Amino acid sequence: MSTPQPQKVGIVGAGWVGLVTGACLAELGHDVVIRDVDETRVAALSSGEIPIYEPGLEACVRAVGSNLRFTGDLAELVEEPRVLLVCVGTPAMYSGDADMTAVHQVVAELAAAGVPEGTVIAMKSTVPVGTGSAIRKELDERGLKHVGYASNPEFLAEGTALKDFKNPDRVVVGGDDDEAIDRVVALYDGLGAPLVRTDVASAEMIKLASNAFLATRISFVNEIANVCDATGADVTEVARGMGLDKRLGPHFLKAGIGFGGSCFPKDVSALKQLAGNSGYHFQLLNAVIEVNELQKRRVIGKLTKHLGSLRGKVVTLLGLTFKPDTDDMREASSLVLASRLIAEGADVRGWDPVAVEQARALLPGVDLFEDAVAALEGVDAAVIVTEWSHIGDIPFAEVQKTMRTPLIVDGRNLLDPAELRGLGFTYEGIGRPSA
Ligand code: UDX
């Protein structure tokens with residue numbers, strides 16, 4: 001990895017994307033200032049506290065020293081020309097459309113602050129197709145014709161974000177101004193990534209379509225798993241066989257209890273709405289969303305198959321975050337499962353290696369544990385919700401003796417069914433044959 005020519009970068013938004021991007025760009029040698037409206041967050045970051053859990057991020061921020069600074073004042077980002085990366089949230093609204101309030105707020109603030117010649121605004125936030133051309137118009141109307149604009153979507157996954165940044169499958173930059181595109185492309189020089197240089201609308205669509213397609217693969221393999229459940233095939237074998245076809249590939253074919261997180265659910269529904277608002281009914285995405293909703297509930301049927309009524313039964317959820325190696329609980333399957341189980345009359349316990357604190361507010365009525373062995377003592381069933389590697393360290397031979405009913409419902413097909421059955425457990429996976 002060679003290093004790019006250092007540039008001055010400003011990042012708007014010290015959320016997960018802004019922090020990871022800022023730290024990695026600073027590590028590449030760029031001079032980075034990150035601005036956030038939350039002064040408490042800025043103060044914490046300035047004193048070296050990292051408010052999110054992302055492997056390697058804290059060490060990276062520490063290592064880059066003065067290449068990375070934090071501020072609450074947008075004026076600092078426009079004191080001199082910088083590439084300004086917009087990394088603010090675009091959460092889903094009730095309609096399913098992306099809420100663009102924060103993005104437009106940034107444009108208005110930049111216009112008010114006065115932006116010097118040579119500034120380029122690059123949009124990293126995931127936005128509906130058409131946003132870039134609307135922002136270009138807004139910039140021109142607000143007297144910022146001299147400011148370049150580009151779309152530069154991010155493809156970082158939580159838990160592997162630093163690795164994803166340093167080894168990207170591709171860098172996508174869309175724009176209609178060659179100089180602006182060149183400045184953004186140059187930020188990533190030396191990473192050796194294939195470059196997709198394109199127009200703004202296509203860059204915006206690449207991000208939405210990529211996430212929607214990955215989510216489609218997951219819902220597809222989840223439906224295959226459900227058919228496996230009904231027919232006796234094993235979905236882990238099926239996915240292995242499918243994945244060896246080079247046209248399919250092995251990734252995102254892990255069946256389980258559905259996708260969650262801050263991106264897939266939001267981006268799939270944003271693309272569906274975008275299509276609908278443009279007069280096209282995106283039927284496939286409706287199915288992807290519906291399959292994902294139903295998939296989270298498959299666990300209930302597997303529990304009742306063995307326990308009958310769940311009233312008064314004690315069930316432990318192992319893993320509460322939407323996936324391992326993050327403390328993020330947005331759209332996590334645990335949220336739906338816990339409230340469904342409580343509605344069925346079960347007593348619900350929850351264990352997670354990093355997110356017990358976050359879970360307190362989000363899972364009212366759930367008894368939370370930091371120790372998995374204690375969380376499983378005396379219970380009727382353990383449900384694997386998140387495939388944390390820590391679950392492999394649980395002494396299942398001991399736990400089998402302390403559970404009231406040794407039933408494991410493995411919502412992520414993480415464990416070896418033969419091994420657990422050998423220890424005396426009843427094991428149910430998703431799309432794996434019952435013993
Ligand atoms: C995703 C994209 O991968 C990333 O490129 C994008 O920029 C942001 O959205 P992230 O949400 O962090 O990243 O997680 P990811 O690893 O993609 O997993 C998303 C969800 O799908 C998780 O709930 C995960 O458990 C689930 N999943 C993933 C499956 O159920 N099966 C799989 O095979 C893969």
Side-chain angles (χ1 to χ4, degrees), residues 15-18 20-21 52-55 57 87 89-92 98 124-127 152-165 167-172 193 203-204 206-226 235-236 238-240 242-243 248-271 288-289 291-296 298-299 319-337 355 384-389 410-414 429-431:
W16 180 84
V17 173
V20 171
T21 306
I52 55 169
Y53 179 86
E54 179 61 42
L57 181 59
C87 303
T90 52
K124 276 222 168 281
S125 302
T126 304
V127 295
N152 176 216
E154 55 83 17
F155 300 96
L156 309 170
E158 293 184 31
T160 54
L162 277 83
K163 208 172 104 246
D164 294 343
F165 185 98
N167 306 288
D169 288 345
R170 76 295 209 192
V171 167
V172 175
E204 292 167 341
I206 287 169
K207 171 63 191 263
L208 287 173
S210 298
N211 275 359
F213 191 66
L214 290 168
T216 303
R217 281 177 69 104
I218 298 170
S219 275
F220 182 85
V221 81
N222 282 341
E223 287 218 280
I224 293 292
N226 300 344
V235 74
T236 59
V238 175
R240 188 161 66 96
M242 287 171 68
L248 297 175
H251 305 293
F252 282 72
L253 281 178
K254 267 200 259 132
I257 49 174
F259 58 79
S262 64
C263 291
F264 284 179
K266 169 173 90 73
D267 294 350
V268 172
S269 107
L271 181 51
V288 168
I289 294 165
V291 168
N292 198 50
E293 283 309 310
L294 295 174
Q295 199 67 16
K296 295 176 190 169
R298 298 262 319 161
V299 164
L320 302 172
T321 53
F322 85 95
K323 69 171 194 178
D325 296 321
T326 172
D327 60 359
D328 196 341
M329 290 192 54
R330 281 175 288 182
E331 300 280 337
S333 295
S334 64
L335 301 172
V336 172
L337 262 177
I384 298 176
V385 180
T386 315
E387 64 274 40
W388 281 104
S389 60
D410 185 352
R412 298 292 173 188
N413 293 340
L414 174 71
I430 304 290

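What you see below is based on every heavy atom in this structure, not just the backbone, and it leaves out hydrogens, waters and symmetry mates. Everything quoted here is computed from the prediction, not taken from an experiment. When a ligand or atom number is given, it counts from 1 through the structure's own listing order.
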Is Lys207 salt-bridged to Glu154, going by a charged N under 4.0 Å from an acidic O? yes
For Arg240, I'd like to know if atom CZ has over 12 heavy atoms of other residues, nucleotides or ligands within 6.0 Å. no
Closest heavy-atom pair and its distance - Trp388, Thr321: NE1-OG1, 3.4 Å
For a quick check under 3.5 Å, do Gln295 and Asn226 share a side-chain donor-acceptor pair by atom type? yes
Return yes when atom CZ of Phe155 has more than 12 non-hydrogen atoms of other residues, nucleotides or ligands closer than 6.0 Å, and no otherwise. yes
Output the set of protein residues with a heavy-atom contact under 4.0 Å to ligand 1, ordered first by chain identifier and then by residue number. Glu154, Phe155, Leu156, Ala157, Glu158, Lys207, Asn211, Ile218, Phe252, Leu253, Lys254, Phe259, Gly260, Cys263, Phe264, Phe322, Lys323, Arg412
Shortest non-hydrogen separation from Phe252 to Arg217 and the atoms involved: O-CB, 3.4 Å
